[in-house]
S.K.: 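If you scroll down you'll find the structure; I have some questions about it.
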Number of protein chains: 2
Amino acid sequence: MCGALAPEELHQLVDILTDVELSAHAPLFHEGDPAEHVFNVTRGSIKLYKLLGDGRRQITGFMFPGDFLGLAVNSEYVYTAEAVTDVKLCRFPRRKLDVLRERMPKLDRRLLALAMDELVAAQDQMLLLGRKTAEEKIVSFLLMLARGQERRGEKVDPVHLPMSRTDIGDYLGLTIETVSRTLSSLRKAGAIVMEGTDRVHLKHRDRLEEVAAAMT
Amino acid sequence: MCGALAPEELHQLVDILTDVELSAHAPLFHEGDPAEHVFNVTRGSIKLYKLLGDGRRQITGFMFPGDFLGLAVNSEYVYTAEAVTDVKLCRFPRRKLDVLRERMPKLDRRLLALAMDELVAAQDQMLLLGRKTAEEKIVSFLLMLARGQERRGEKVDPVHLPMSRTDIGDYLGLTIETVSRTLSSLRKAGAIVMEGTDRVHLKHRDRLEEVAAAMT
DNA sequence: CGTGACCTTGAAAGCCTTCAACTCGGGTGG
DNA sequence: CCACCCGAGTTGAAGGCTTTCAAGGTCACG
């Protein structure tokens, strides 16, 4: 399944694509490491995060099959990447990618489109982190996961939560307790139905969309 | 001054570059508008923001001379842009840009580099919004402005705050009162010296850097 | 069936917000 | 010329949402 990034451009170079497997919670690379590879997730999920000096953590994104990662500046990764679940990735040497970009200018266009999408997502996340309440954050998160499942052609219901409550909190700027309490209150309000701790059925999705966007 | 984006690529096409001037607080475009142009700030500063349904606002960035803006998806702007101060910009039709990108593949590379830088900044901002305290946010913000002035070759001291307290709050996920109180407390602690309401002298910048990064 | 990791729930505390009043500076018009 | 007004900023006090601290529950695993 290696080659999801740009099949048409890469098929001639499959020999330098390497399949990589990681167990849940295994690190892929750390912020500041020399950025020698870029990756494509083919299976499972990965979290990207940054740390403050005292250990506070902000997860900047979760990556799912089809997603591309390996953002670097000055040849260093700008975030840490860690497997959430067991993961399969496709690895590609950055130097080769650079060579390829020279030869195939269209690749830059493709990468630009990816970067733009990520940038849009990042800005939505800023709005979430800066201005939404805990409930709005949780609802937005659930909807985001649902849309991801839709986009990848997976079943939409139930929404799957492969990550821990701690991870969810570190993604939404909340504590684990607030995440738990908010899910409970949504459940008690009938907005969601939990199936175990990692599957959620969304009820009245249109109403939830309104909550997430703070439509009065 | 039109042409800061990519002088070498664009000098043959200056005829489709248009200088634009805006008064303070004038809107440049709104989220959802058809994205017909891209812009380069040549003078003054601009804020970019997104709104929730009930009016809550998150400023996703401030743009200064040399910065490029006009991010769009599906030909629509994904944020609102508004002049903070009187502003001069260089406007470029997006369709022409697309034509140019066809002819000059290297332009995509340039744009990709810009998008990457913005993405890195966006992730730092997520860490700030999700995990930093009010004091850490304000200190980080002042240092960010200071670095911007350095990068553009302006005087570093004092740091200039062209935007209102409301704007600062909407950028940092705080209220105007918390911004004001935090600046006051930093002043009383001797960490900064205010010169009017819009100029700040940073004392012990190394200590402030530690506060911003939460180095224990 | 004990153990531990993860999750949930309760109670108290705290940081930031909300509400409110006051100050300051600039522009305007009497 | 100066009183007045208005917007922006500051400061105080009370309140609330989320965090912190603490305890208990659940489930997988050895």
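Predicted model, so just to flag it, every value in this text is computed and none were measured. Every chain is numbered from 1, with letters handed out A, B, ... down the list of sequences.
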S.K.: Starting at the 5' end of DNA chain C, which residue's closest nucleotide do you reach first, Arg131(A) or Thr197(A)?
M.R.: Thr197(A)

S.K.: Less than 4.0 angstrom from a charged side-chain N to a carboxylate O is my criterion; do Lys88(B) and Asp19(B) meet it?
M.R.: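 Judged by the 4.0 Å cut-off on N to carboxylate O distance, Lys88(B) and Asp19(B) do not form a salt bridge.
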
S.K.: Test of understanding: with salt bridge (Lys or Arg N to Asp or Glu O under 4.0 Å), list the residues that count as partners of Glu118(B), not counting sequence neighbours.
M.R.: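 Per chain and number, Glu118(B) pairs via salt bridge (Lys or Arg N to Asp or Glu O under 4.0 Å) with no residue.
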
S.K.: Does any residue of residues 133-146 of chain B have a heavy atom under 4.0 Å from DNA chain C, and if so, which ones, in number order?
M.R.: Thr133(B), Ala134(B)

S.K.: When the distance from CG of Leu129(A) to P of dC16(C) is rounded to whole Å, what number comes out?
M.R.: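 Checked: the CG to P distance equals 16 Å.
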
S.K.: Calculate the interatomic distance between Leu174(B) atom CG and dT18(C) atom P; express it in whole Å.
M.R.: 11 Å

S.K.: Looking only at atom types and distance, does a side-chain atom of Thr216(A) sit under 3.5 Å from a main-chain N or O of Asp54(B), one as donor and one as acceptor?
M.R.: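 No, the answer is negative, given that no donor and acceptor are paired below the 3.5 Å cut-off.
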
S.K.: Does any donor-acceptor pair link the side chain of Glu177(B) with the base of dC19(C) at a separation under 3.5 Å?
M.R.: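 Yes, a donor-acceptor pair under 3.5 Å.
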
S.K.: Where the side chain of Lys137(B) meets the backbone of Leu172(B), is there a donor-acceptor pair that is under 3.5 Å apart?
M.R.: yes

S.K.: Rounded to whole angstrom units, what separation is found between the CD atom of Glu195(A) and the P atom of dC7(C)?
M.R.: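 These atoms are roughly 17 Å apart.
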
S.K.: Judged by atom type as modelled, is there a donor-acceptor pair below 3.5 Å linking the side chain of Ser184(B) to the main-chain atoms of Ser180(B)?
M.R.: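 Yes: the side chain of Ser184(B) pairs with the backbone of Ser180(B).
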
S.K.: Base, sugar-phosphate alone, or nothing: which one does Gly173(B) contact when heavy atoms must sit under 4.0 Å apart?
M.R.: sugar-phosphate

S.K.: Take Glu82(B) and Arg57(B) through the salt bridge (charged side-chain N to carboxylate O under 4.0 Å, His left out) test and state the conclusion after the steps.
M.R.: CA-CA 13 Å; Glu82(B) 200 175 299; Arg57(B) 190 176 68 151; 5.2 Å; no

S.K.: Which residues within residues 180-192 of chain B lie with some heavy atom under 4.0 Å of an atom in DNA chain D?
M.R.: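 Contacts with DNA chain D under 4.0 Å: Ser180(B), Arg181(B), Ser184(B), Arg187(B).
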
S.K.: Could you check whether any side-chain N or O of Arg165(A) sits under 3.5 Å from a backbone N or O of Thr197(A), counting only pairs where one atom can act as donor and the other as acceptor?
M.R.: yes

S.K.: Indicate whether the side chain of Glu195(A) and that of His201(A) have a donor and an acceptor atom separated by less than 3.5 Å.
M.R.: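 His201(A) and Glu195(A) do have a side-chain donor-acceptor pair below 3.5 Å.
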
S.K.: From CZ of Arg56(B) over to P of dT18(C), roughly how many Å is that when rounded to an integer?
M.R.: 9 Å

S.K.: With heavy atoms under 4.0 Å as the rule, sort Thr178(B) into base, sugar-phosphate or nothing.
M.R.: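 Touches a base.
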
S.K.: Let me check something: any side-chain donor-acceptor pairs from residues 25-34 of chain B under 3.5 Å, sequence neighbours excluded? List them with distances.
M.R.:
from, atom 1, to, atom 2, distance (Å)
Asp33(B), OD2, His30(B), N, 2.9

S.K.: Has Arg205(B) got a side-chain atom pairing as donor or acceptor with Ala146(B)'s backbone, closer than 3.5 angstrom?
M.R.: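 Flag not set: sc Arg205(B) to bb Ala146(B) has no pair under 3.5 Å.
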
S.K.: Considering only heavy atoms of chain B and a distance under 4.0 Å, specify the first and last nucleotide of DNA chain D in 5' to 3' order that meet this criterion.
M.R.: dG9(D) to dA13(D)

S.K.: Is the closest basic N to carboxylate O distance between Arg43(B) and Asp86(B) below 4.0 Å?
M.R.: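 Salt bridge between Arg43(B) and Asp86(B), a charged N being under 4.0 Å from a carboxylate O: no.
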
S.K.: Applying side-chain contact (heavy atoms from CB on, under 4.5 Å) to Phe62(B) and Asp167(B), what does each step give before you reach the verdict?
M.R.: CA-CA 10 Å; Phe62(B) 291 105; Asp167(B) 286 346; 4.1 Å; yes

S.K.: Using a cut-off of strictly less than 4.0 Å between a heavy atom of the residue and any atom of DNA chain C, enumerate the qualifying residues of residues 209-216 of chain A by number.
M.R.: none

S.K.: Whether the side chain of Arg131(A) engages the backbone of Lys50(B) through a donor-acceptor N/O pair (distance < 3.5 Å, no angle test) should be reported.
M.R.: no

